[in-house]
Amino acid sequence: MMPEEMPFEKPIIELRNKIAELKSFTNEKDIDLSGEITKLERRLVQLEEDIYGNMAPWDRVQLARHTQRPTTLDYIKGLFTDFMEFRGDRLYGDDEAIVGGVAAFDNQPVTVIGHQRGKDTKENIRRNFGMPHPEGYRKALRLMKQAEKFGRPIICFIDTKGAFPGKEAEERGQSEAIARNLLEMSGFKVPVVSIVIGEGGSGGALALGVADRIYMLENATYSVISPEGAATILWKDAAHAQEAAETMKITAPDLKELGIIDDVIPEIRGGAHRNLEAQTSYIRNTLKQAIYDLNKESPEELVHKRFIKFNAIGDYGYVNDANPGGEET
Amino acid sequence: MIRDIFSRKRHYTTIPSEKGKKDVPAGLMTKCPECKTIMYTKELNQNMFVCDHCGHHHRIGSTLRLKYTLDENSFTEFNEGMISQDPLTFPGYKEKSEKDRQSTGMNEAIRTGYGTIGGYKAVIAVMDAGFRMGSMGSVVGEKISRAIDCAIEEEVPFILFSASGGARMQEGVVSLMQMAKTSTSLNRLHEKGLLFISVMTHPTTGGVSASFASLGDVNLAEPQALIGFAGRRIIEQTIREQLPDDFQSAEFLLEHGQLDQVVHRHELKKTLLTLLKLHNAPQAKKKEGEDDA
């Protein structure tokens, strides 16, 4: 299936089509247009460089939400062997908006957990569009505690618009479920690695994100509120989402600059969906290094450094700094 | 003619009301938003801002909260001068914070410190919805984290009154991360075997409800307080269903197993005191001539 084109890619697609047209024309009519073709091909390289090299935050939001963007299960299949899914929270039910289980990474047993979107409408309904209920977070917690018991590293894939805003979710304690994960994750005596692969929407994303290493795919986003939500509050109009995407600093390069994530995992030009295999190998390289480094740390070191890592996040000053003494007369 | 009389009268009534503002202090009377009864603010104040008629708990700021909770003159405030920066260089954020600083006299949406309750020592944090809706940005996160550090160092319980609309949008993902930061600190408190009492007051929603506020060893709330993760409107739009009136009220949460107790404001100090006593909280040395609390 041809990947769906994104609006910002239009000039590239048009130029590609034009080149193809000229080529077929050359073959059919036996007219030499190679000079023209070479010129256009050179322009295509330049254009790709310009467009993919200068992607606006909103373009990345579109890619992060792309219907064909690889999901947690796609990456699990490529990164691990012997994956076995474990289901249910043992309290209420099984929330298919989160998947998890055991697998081997580089011959080392690991616990893998991630938000799971559907590939089509039918699957999306079953998986609630990757928006978990409390039982999803409680399943994740159960599996993480199990990982700690057996000394396995925990690897989380973040890909959700957010925790589900529903009646039953509130009744069953959505807040508590998320909060509990934040607290428990901060104390696990095994390595925890989180990778944002698509959308990282607010607390519902963070509930799988209290990790020793946090990575984001180049076109993933991570934010406290969706650009549409922010635009509604700021400009009273969701149509300003594009501006909000810039103001809110939600892209991987933004989060790297803010010092929130450890690194950006590069994406294939045009987005991860264009080549799953290549994308998986990029993730594997990063994950391999992270697990290798974290395996060397003692359980106490892991917990301590995780505390230091999150405790350092914040930007504050003092009244006196803002208004240095001596200026007033 | 008649029109003249009316217009003059209108004119006549306007002037004294302007002048009246100086004579009658603003807020002399307060109307209860619940039962619409109008009462003297002074009387309401004496009743801890609880409506005498219907029991509605009016919203109160951090100053009154501290006064109602702690022993007189026992409060020592931490990091009073800490103020928010502007990590995203968000349009208008600095001005808005400055405006709230002027209008509230507070530097941020939380006050933390050390105090005693009936002679029992505790570290206390009180959020104030008057400052930026009580939203949690870097300063709220940092002050909670430092207050917890202090509770650990002093080996005393930690009590937090939440009143917040959630994470502060103007600090973006940095404010989101304060959820993780505060929860990480609470885990350390937990590891030390120290007590954490969370008292949720109106409103406790979003990122605050989904982090420290829900993590008490004991979770209490004031009557009728709004507590929840997602906003009512968003839920109604999502599920296309009207929600019951009491949805996300403290009583609703109690019924659904999310709270230990809903406690009337008049009973809060006593409840906290009993909890501190039952958890063997350390007692402050009594000053000479002081009676038993």
Side-chain angles (χ1 to χ4, degrees), chain A residues 131 162-187 200 202-207 209-210 222-225 229-230 233-234 247-250 254-255 258-260 303 306-307 309-322, chain B residues 79-88 90-91 107 137-139 141-142 145 167-169 171-188 190-191 205-207 209-215 227-231 234-235 238-239 241 243 247-248 252-253 256-258:
Chain A
M131 293 191 283
F164 187 63
K167 184 164 173 268
E168 286 82 12
E170 297 285 327
E171 286 171 348
R172 297 200 285 271
Q174 188 74 291
S175 286
E176 195 274 346
I178 293 171
R180 186 65 53 196
N181 278 21
L182 303 181
L183 181 134
E184 296 282 356
M185 282 186 91
S186 70
S202 196
L206 185 63
V210 185
Y222 202 171
S223 64
V224 71
I225 186 168
I233 297 172
L234 285 173
T247 311
M248 295 299 291
K249 301 218 168 82
I250 62 175
D254 285 337
L255 266 85
L258 285 167
I260 306 244
V303 174
R306 206 177 298 139
F307 167 70
K309 180 187 179 75
F310 282 93
N311 203 50
I313 301 176
D315 189 9
Y316 50 86
Y318 292 89
V319 177
N320 296 340
D321 294 347
Chain B
N79 314 113
E80 216 181 321
M82 198 185 282
I83 53 169
S84 50
Q85 302 294 299
D86 189 6
L88 307 190
F90 197 97
N107 284 320
S138 296
V139 175
E142 180 67 18
S145 162
R168 188 171 297 172
M169 211 181 54
E171 291 190 27
V173 73
V174 179
S175 71
L176 178 69
M177 291 297 152
Q178 303 307 309
M179 292 169 66
K181 176 170 173 169
T182 51
S183 304
T184 305
S185 285
L186 278 178
N187 190 42
R188 294 179 84 218
H190 176 70
E191 293 286 318
T205 58
S209 146
S211 60
F212 54 83
S214 293
L215 293 171
I227 304 162
F229 176 67
I234 292 170
I235 298 173
T238 307
I239 63 173
E241 195 182 309
L243 296 164
F247 187 69
Q248 295 182 324
F252 175 91
L253 265 85
H256 286 90
Q258 306 301 327

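Here is how names work: the chains are called A, B, and so on, in the same order as the sequence lines, proteins then strands, and each is numbered from 1.
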Supply the atom-to-atom distance [X] [atom1] to [Y] [atom2], rounded to the nearest 0.5 angstrom.
X: B/Ile239; Y: A/Glu168; atom1: CD1; atom2: CD; result: 6.5 Å
X: B/Thr238; Y: A/Met131; atom1: OG1; atom2: CE; result: 7.0 Å
X: B/Met82; Y: A/Tyr318; atom1: CE; atom2: OH; result: 3.5 Å
X: B/Lys181; Y: A/Leu182; atom1: NZ; atom2: CG; result: 14.5 Å
X: B/Thr182; Y: A/Leu183; atom1: OG1; atom2: CG; result: 9.5 Å

Max heavy-atom pair count under 4.5 Å with chain A, selected residue of [options]:
options: B/Gly207, B/Ala180, B/Ser145; result: B/Ala180
options: B/Gly141, B/Ser84, B/Ser211; result: B/Ser211
options: B/Gly231, B/Ala167, B/Ala230; result: B/Ala230
options: B/Gly257, B/Gly137, B/Pro87, B/Ala210; result: B/Ala210
options: B/Arg168, B/Gln178, B/Met179, B/Arg188; result: B/Arg188

Given heavy-atom pairs under 4.5 angstrom as the criterion, report whether the side chain, backbone, both or neither of [X] touches chain B.
X: A/Ile313; result: both
X: A/Ser223; result: backbone
X: A/Ile250; result: neither
X: A/Ala163; result: both

Before giving the answer on side chain to side chain donor-acceptor pair (under 3.5 Å), spell out for B/Gln258 and A/Glu176 the whole-Å C-alpha distance, their side-chain angles and the decisive distance to 0.1 Å. CA-CA 8 Å; B/Gln258 306 301 327; A/Glu176 195 274 346; over 6 Å; no
Which one of A/Leu258, A/Asp254, A/Leu206, A/Ile225 satisfies the side-chain contact (heavy atoms from CB on, under 4.5 Å) criterion with B/Val173?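 For B/Val173, the side-chain contact (heavy atoms from CB on, under 4.5 Å) test succeeds with only one of A/Leu258, A/Asp254, A/Leu206, A/Ile225, which is A/Leu258.
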Please give me the minimum heavy-atom distance between [X] and [Y], naming the atom from each residue.
X: B/Met169; Y: A/Met248; value: O-CE, 3.4 Å
X: A/Val224; Y: B/Ser175; value: CG2-OG, 4.0 Å
X: A/Ser186; Y: B/Ser183; value: OG-O, 4.1 Å
X: A/Gly314; Y: B/Val174; value: CA-CG1, 4.1 Å
X: B/Ser138; Y: A/Asp315; value: OG-N, 2.9 Å

Report which part of [X] has an atom under 4.5 Å of a heavy atom belonging to chain A: side chain, backbone, both, or neither.
X: B/Leu186; value: both
X: B/Glu80; value: neither
X: B/Ser185; value: both
X: B/Leu243; value: side chain

Any heavy-atom pair between the side chains of B/Leu176 and A/Tyr222 that's under 4.5 Å?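 Yes, side chains in contact.
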Report yes if some heavy atom in the side chain of A/Met185 is under 4.5 Å from a heavy atom in the side chain of B/Asn187; otherwise report no.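 They are not in side-chain contact.
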When heavy-atom pairs shorter than 4.5 Å are enumerated against chain B, which of A/Glu171, A/Arg306, A/Arg180 gives the highest number?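 Ranked by contacts with chain B, first place is A/Glu171.
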